[in-house]
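The next block holds one structure in the form of structure tokens; read it before the comments.
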Protein chains: 2
Amino acid sequence: MSCGSLYASELRARGYRMTPQRMLILHILHSAGTHLSPTEIFATAKKEFPRLTEPTVYRTLDFLTENGLVRPAHRGNGHHVYEIARHEHHHLVCRVCGGEVEVEHKVLAKLYRELETASGYRLTDSHVTFFGLCPGCQKGD
Amino acid sequence: MSCGSLYASELRARGYRMTPQRMLILHILHSAGTHLSPTEIFATAKKEFPRLTEPTVYRTLDFLTENGLVRPAHRGNGHHVYEIARHEHHHLVCRVCGGEVEVEHKVLAKLYRELETASGYRLTDSHVTFFGLCPGCQKGD
DNA sequence: ACTGTTATTGCAAAAAGTTGCAATAAGGAA
DNA sequence: TTCCTTATTGCAACTTTTTGCAATAACAGT
């Protein structure tokens with residue numbers, strides 16, 4: 001069973017459908033291996049699938065996010081980028097060169113527990129990006 | 001010395017200028033006491049100052065953010081909202097009712113230090129919003 | 001394989017956010 | 001107060017993102 005049909009049965013089990021558009025966007029994100037903006041995804045996908053439209057890209061990304069197949073991240077400009085969902089992680093981005101490292105979600109586990117105890121909320125997810133200066137860019141000041 | 005002229009001299013000391021537009025937007029955010037979207041800010045400000053335009057609002061918010069007078073936050077839809085800079089804090093937002101509580105930045109201090117040690121980055125700021133279910137909405141499921 | 005239900009898409013139009021550039025005005029210096 | 005420099009604004013055009021609705025197509029059931 002291929003990777004694509006695994007996704008398909010996952011979705012079908014929840015009453016959704018696998019479509020060529022969703023397959024294509026998953027494939028693009030998968031082979032990119034890094035995060036892409038909706039515009040980049042649209043540009044790439046349009047080549048394969050000329051009838052594709054922007055609203056479909058945005059709705060597909062929302063849909064895949066809600067179903068846990070992709071994950072959104074932010075890079076400081078207020079816009080989202082998306083990447084294939086792998087292990088749960090966050091980003092630490094250099095304000096100068098844009099370089100970044102991943103932060104394992106595990107590192108936030110204790111904080112999560114503290115917040116749940118203090119607030120009474122049950123935490124489900126979070127949007128977390130840290131910004132700073134990478135070791136290289138600290139030297140220039 | 002009024003609150004406004006205090007801001008003004010702060011900006012002038014850095015080579016920037018205080019303008020009626022900046023004053024107005026600061027005033028709107030200050031009296032709102034909560035976070036507002038650029039669109040809400042524009043709508044409110046336009047009444048006072050009909051010549052104001054959207055680009056000015058966006059650029060002003062960026063400017064005030066860079067100068068530490070306002071702070072951006074996100075509410076899960078990928079768009080920014082802005083609030084007057086008070087003490088540094090983050091948000092914990094209920095996915096069901098939208099209710100929220102503030103999370104003191106102090107709570108993240110230890111995590112910051114751990115991240116700096118582990119990564120070699122020097123952290124300057126972050127975009128952090130936690131999502132979950134508030135105590136009330138946990139009952140309904 | 002065919003049929004019916006309805007999730008999903010494309011289209012069109014609107015809303016939100018961005019960019020380049022010439023005109024304006026803040027505020028330091030004379 | 002007046003002049004000069006240049007940070008900032010408004011305008012116009014553009015890109016990105018969202019929304020409503022009718023047409024399409026996935027797929028469960030026969």
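Chain letters run A, B, ... following the sequence lines, proteins first and then strands; every chain starts at 1.
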### Query
Counting only distance, no hydrogens or angles, is the base of C/dT9 paired donor-acceptor with the side chain of A/Arg59 under 3.5 Å?
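Not at all, since no donor on one side and acceptor on the other fall under 3.5 Å apart.
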### Message
Is it the case that C/dT8 (base atoms only) and A/Arg22 (side chain only) share a donor and an acceptor within less than 3.5 Å, ignoring hydrogens and angles?
### Response
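Flag unset: no donor-acceptor pair detected.
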For a quick test of reading the model: is some side-chain N or O of [X] closer than 4.0 Å to OP1 or OP2 of [N]?
X       : N      : result
B/His80 : C/dG17 : no
B/His79 : C/dG17 : yes
A/Gln21 : C/dG10 : yes
A/Thr56 : C/dG10 : yes
B/Tyr16 : D/dA7  : no

### Query
Using 4.0 Å as the upper bound for N to carboxylate O, is an ion pair formed by A/Glu114 and A/Lys110?
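Not counted as a salt bridge, because no side-chain N and carboxylate O are separated by less than 4.0 Å.
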### Message
Quick check on side-chain hydrogen bond (donor to acceptor under 3.5 Å, both in side chains): which of A/His74, A/Glu100, A/Arg71 does A/His35 satisfy it with?
### Response
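Testing each of A/His74, A/Glu100, A/Arg71 against A/His35, the sole residue satisfying side-chain hydrogen bond (donor to acceptor under 3.5 Å, both in side chains) is A/Glu100.
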### side-chain hydrogen bond (donor to acceptor under 3.5 Å, both in side chains) partner of A/Glu102, chosen from A/His87, A/His91, A/His90
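The side-chain hydrogen bond (donor to acceptor under 3.5 Å, both in side chains) with A/Glu102 is passed solely by A/His87 among A/His87, A/His91, A/His90.
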### Axis deviation across the helix from C/dA1-D/dT30 to C/dA30-D/dT1, five-pair ends, to the nearest 10°
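Computed from the C1' atoms at both ends, the axes differ by 30°.
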### Message
By the 4.0 Å heavy-atom rule, please label B/Pro50 as base, sugar-phosphate, or nothing.
### Response
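Result for B/Pro50 = nothing.
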### Query
Considering heavy-atom distances to DNA chain C, does B/Pro55 or B/Pro20 have its closest nucleotide positioned more toward the 5' end?
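Looking at DNA chain C, the more 5' nearest nucleotide goes with B/Pro55.
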Take the protein atom [atom1] of [X] and the nucleotide atom [atom2] of [N], then report the distance between them rounded to whole Å.
X       : N      : atom1 : atom2 : value
A/Arg17 : D/dG29 : CZ    : C1'   : 13 Å
A/Leu52 : C/dC11 : CG    : C1'   : 13 Å
B/Leu61 : C/dA16 : CG    : P     : 15 Å

